Amino acid sequence: MAILVSKNIFLLNTLKSSYALGIDENGLLRHLYWGDKIDQIENFELERIHNRSGFHSAADMTMEECSSFGMMRYKETSMKVKFFDGTQDFRYDVKGYVIEGNLLTITLEDIYYPFQVKLFYQVFEEENMINRWREAINLGSEPIVIERFYSAEYGIKGKDFEITNYNGTWCGEFQLHSDNITSGKKVFESLRGLTSHVVNPVFMVHNGAKEDYGNVYYSVLEYSGNFKIVAEATPYDYVNLLIGISDTDFSLVLKPKETFLSPAAYAGYSNGGFGDMSRTLHHFCIAKLMPKATSNQVLKVLYNSWEATQFNVSYKAQMLLAEKAGELGAELFVVDDGWFGKRNNDLSSLGDWQVDLIKFPDGLEPLISHVKQVGMDFGIWIEPEMVNEDSDLFRNHPDWVYRYLNREILTGRNQYMLDLTKEEVVQYIFEAIDKLLVTYSISYIKWDMNRSVGETSNTLMKEGSSVWVAHTRNFYRIIDKLREKHPAVEFEACASGGGRVDYGTMRYFDQYWTSDNTDALDRLEIQRGYSFIYPAKYMRAWVTDSPNWINERSIPVTFRLHCAMAGSLGIGSNLNHMTEEEQAIIREHIELYKRIREIIQFGQLYRLKYYKEDDFHAIQYVKDNKSIVFVYLVQGYFGKDKYFLKLKGLELHQTYLINNDGVTYEKTGAYLMHHGLVLNLKGDYDSKIVQVEEK
Ligand code: DGJ
C-alpha cells in the first residue's frame, strides 16, 4: 500500500523509500521521517514537544509540513498570508483528510478566517517519487493576500549536510556546485522570469554522497518562472527545506472564492548515491512528465543552420544546406533565426512573424518541399515572447511590453519583452504560431527566449505583483493550446541554450537546446551536470565546426560526434566548408547513431568516469540486453595507451558480445563489471564507442 494511516500518522511508501507525517495533540501537522523504507506504520510516534523558554516555540523546534509565518516561528516558513484586517498568521485546524488511490489530501483551515490550504501528496510507488503541491482557497467575501507559497516543505533530521545545485552561466550551464548547510540559510533563487542558466529549480541534499553511494534527498520543481529553494540549518538538529515559487516581488491577491495552485514539487530519496537518483529521475520523466504523443518515440537527427549561417538565411543557401544535410542522413531540417520580417541582425523584426520575401521570394513553401524531397521534415525557429523596438508589432502596440511608464524600457539583446499578462498578447502569439503551422507543413518549432525579464509594469502593482507567475502560466497556456491543435508538431525549449531547462517545460516540450556552447570539451562538463537531473532524450547536442566559435578550440570530428551522440544528435556545422572525409565520418556516425539511439535516449545512464577527476571520461547507457559505452580521453600523458573501465548495470552471469575498435569478442557481465574493459586510447581528444550486447 502506498499510503497507510494509523491514528494521526500517515506513512507514504514507494518501493524503496518512506515519508511519514502526523498531526500532534496540538493539531500541528508535523514531518516525521524521510528516508529508507520502514514498512510498519506502528513504529512511528509523535513525541511530545513544548516551548523552551520564551524564545523557542514548539513549532520552530519541530519539522513541519506547512509552517506559516508568525506564531513565534523564526525559521523560513513555507507560506505567508495577510487577511483584510492586517492579521498575518495562519492558525489552522486540520479539517480532515481524503485518500483517493495514491493521492492523500490534507485540508488545513484557519480557526477564524475563511481560508483553507490543501496539501497534496501523490505517491508514485513504482517510480519512487512523491509529488507534492498545495492549494490556497479563499472561502470568504474579503480578499486575502498571499505573500509566500512554497510547493513543499521537507525536514531532514541531523546536521552536516551538503546541498548541491548548479552555478552556471550562459554557455556554461549545469556546472554542479555543493555547499555545506552549516548554520543559517542557503538560498538558490531565480529572479529572471525564467529558470535561468545559473541555478535550477532542484535541490540535492546529502552527506558527501558520490556516484554510487550515499543518501541523497532530492526535489525538483515543475516550474519555469521565478523559484526559490531554501535550506536552513536550524539549531534544533534538523534541516528545513523549502522549494517553490519565489516570494521575492510575489504578492497574490486571492479574491473571494478564488484559489491558487502551487506548481508541483517531485521528491525522491536515494540510498545509492547520485547515479541511482539520476536513473530514478530519468525514468520518471519519461514515464510521467513528457508529452505523451512523443515520449515513447526516438528523436530525429536534426540539422540546424544557426551556427552555419546566423541571420544570413535565404532560399538558395538553405536549399543547398538541406541537400547536404539530407545526404548525411539528417531527418529534420531546422531554419533558425532570420527568416522573418527584416531580420538581418538582432536589432529588428521580433514580433513580425511573416516570411521575409526578399530572402524567400515565394514564401517558405519551395524550401519545405525541397527539404521533404531530400527526405527530411521541416522545422523553424521562433521567439514568441519578444519584440524589437524596430518592428511593426511594437509600432502598432507600444503598450504590449513590460514597462514602467516613467522609465526607459530595459533591453536585453536589443529586445523588449511582451506582457503576457495581457490576454490580447496571448492571443496574438497563439495566432501567429498557429498561422505558421496551418499555412506550412512545419513539424518542429524551436521556441527561443533570449533575455531575462527586466521590469514588470505599473498597473499590475494595484492587484499585487503576481505578474511573474502570470507570465509563466500564460506561456504554458499558449503552448498547451498549440499542442492540442497540432499534436504532431514537436517543440524544442531554448533560452539562449539551457536557460529554460526544467520540469515545467518538460510537460510541454519534447526536447531542450542544452547550451549555445557547442565546444565538445565544455560540453562534456555541461552534459554531465545536466544528466544529474535531466534525461539524455531531451538533451539536444550538435556537432559544429572546429575551431569552435566560443573558444577557438580545435577538436577532431570523431570526438565531437561522440560527444553529441551521447544525447539527441544534431548537426550544426557549415556543410559547405566540410571536407569529403569529414562528411564521410559524419555520415557513418549518423548511421550508427540511428542504430543505437534507442539505448541512449531511453536507457539507464551510468556516469563511469569524470575527466576532471579521472584519467578519462566515460558514460554508459544500458537498455534491456544492450549497452553503449562512450569513452573520451581528453589529454593523454607519457605515452600511456591502455586504460581499464569497469562497466555497470549488466547481468553478472550473462555472456556479452563486445564490439570494441571494430573487434568483436565475448566476456561475461561479471568480467566486464569486476575486471573491466581494456581500452586503447592515446594522445589528445581520442574517443570511442564500445557496443555491448547480450549473446
Ligand atoms: C539563441 C539560441 O540558443 C541559438 O541556438 C539561436 O537560436 C539564436 N538564439 C538565434 O537568435
Side-chain angles (χ1 to χ4, degrees), residues 168-174 192-198 224 302-314 317-318 321 325 330 332-353 356 359 378-388 390-391 411-418 433 436 442 444-452 490-502 505 509-519 522-523 526-527 530 538-545 548-550 564 567-574:
T169 56
W170 168 69
C171 281
E173 298 89 337
F174 305 110
R192 294 161 194 265
L194 77 169
T195 323
S196 90
H197 305 82
V198 183
S224 314
L302 69 72
Y303 177 80
N304 180 299
S305 60
W306 173 245
E307 282 200 25
T309 61
Q310 300 269 301
F311 299 99
N312 198 9
V313 295
S314 69
Q318 294 291 305
L321 286 171
L332 171 69
F333 184 82
V334 183
V335 176
D336 210 282
D337 200 347
W339 57 269
F340 53 92
K342 299 186 184 90
R343 180 93 166 158
N344 297 314
N345 50 42
D346 62 16
L347 290 165
S348 87
S349 301
L350 291 176
D352 298 345
W353 303 113
D356 179 344
K359 293 175 177 173
F378 181 80
I380 204 153
W381 176 97
I382 184 165
E383 192 176 356
E385 295 145 277
M386 301 295 161
V387 62
N388 284 113
D390 180 11
S391 68
T411 54
R413 207 199 190 200
N414 306 306
Q415 59 204 45
Y416 300 148
M417 233 179 123
L418 288 173
I433 306 177
L436 277 174
I442 294 175
Y444 189 93
I445 296 268
K446 175 176 173 185
W447 181 310
D448 206 347
M449 180 194 194
N450 286 304
R451 61 161 289 184
S452 309
E490 270 179 54
F491 287 83
E492 172 179 351
C494 172
S496 293
R500 232 179 200 174
V501 173
D502 56 69
T505 44
F509 289 81
D510 306 279
Q511 55 226 278
Y512 306 127
W513 179 223
T514 322
S515 177
D516 277 353
N517 187 341
T518 51
D519 168 69
D522 284 351
R523 268 297 183 117
I526 291 170
Q527 295 184 180
Y530 165 101
Y538 266 52
M539 187 177 77
R540 273 290 177 196
W542 306 344
V543 174
T544 56
D545 290 338
N548 194 279
W549 71 273
I550 184 99
S568 285
L569 178 64
I571 310 292
S573 312
N574 191 336

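Starting from 1, each residue takes its place in the sequence as its number. For ligands, and for the atoms within them, numbers begin at 1 and follow the listed sequence. Fair warning: this is a prediction, and the values are worked out from it, not measured in the lab.
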With sequence neighbours left out, write down each residue that passes side chain to side chain donor-acceptor pair (under 3.5 Å) with Thr518, or none if nothing qualifies.
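Per chain and number, Thr518 pairs via side chain to side chain donor-acceptor pair (under 3.5 Å) with Glu307, Thr544, Asn548.
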Just jot down the side chain to side chain donor-acceptor pair (under 3.5 Å) partners of Trp306, sequence neighbours excluded, or say none.
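So Trp306 forms no side chain to side chain donor-acceptor pair (under 3.5 Å) with any residue.
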Mind checking what makes side chain to side chain contact (heavy atoms under 4.5 Å, CB included) contact with Asn344, not counting sequence neighbours?
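With neighbours one apart ignored, the set is Lys359.
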Would you tell me whether Asn304 and Asp336 have side-chain atoms, one donor and one acceptor, within less than 3.5 Å of each other?
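Short answer, yes.
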Quick one: is the NZ or CZ of Arg500 closer than 6.0 Å to the six-membered ring centre of Trp170, and within 45° of its axis?
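No, Arg500 does not sit over the ring of Trp170.
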Should the pair Trp381 and Phe340 be assigned to parallel (<30°), tilted (30 to 60°) or perpendicular (>60°) ring geometry?
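Because their plane-to-plane angle is under 30°, the rings of Trp381 and Phe340 count as parallel.
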Around ligand 1, what residues show up once you keep those with a heavy atom under 4.0 Å from it?
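Within 4.0 Å of ligand 1, the protein residues are Trp306, Asp336, Asp337, Trp381, Arg413, Lys446, Asp448, Asn450, Cys494, Ser496, Gly497, Trp513, Asp516.
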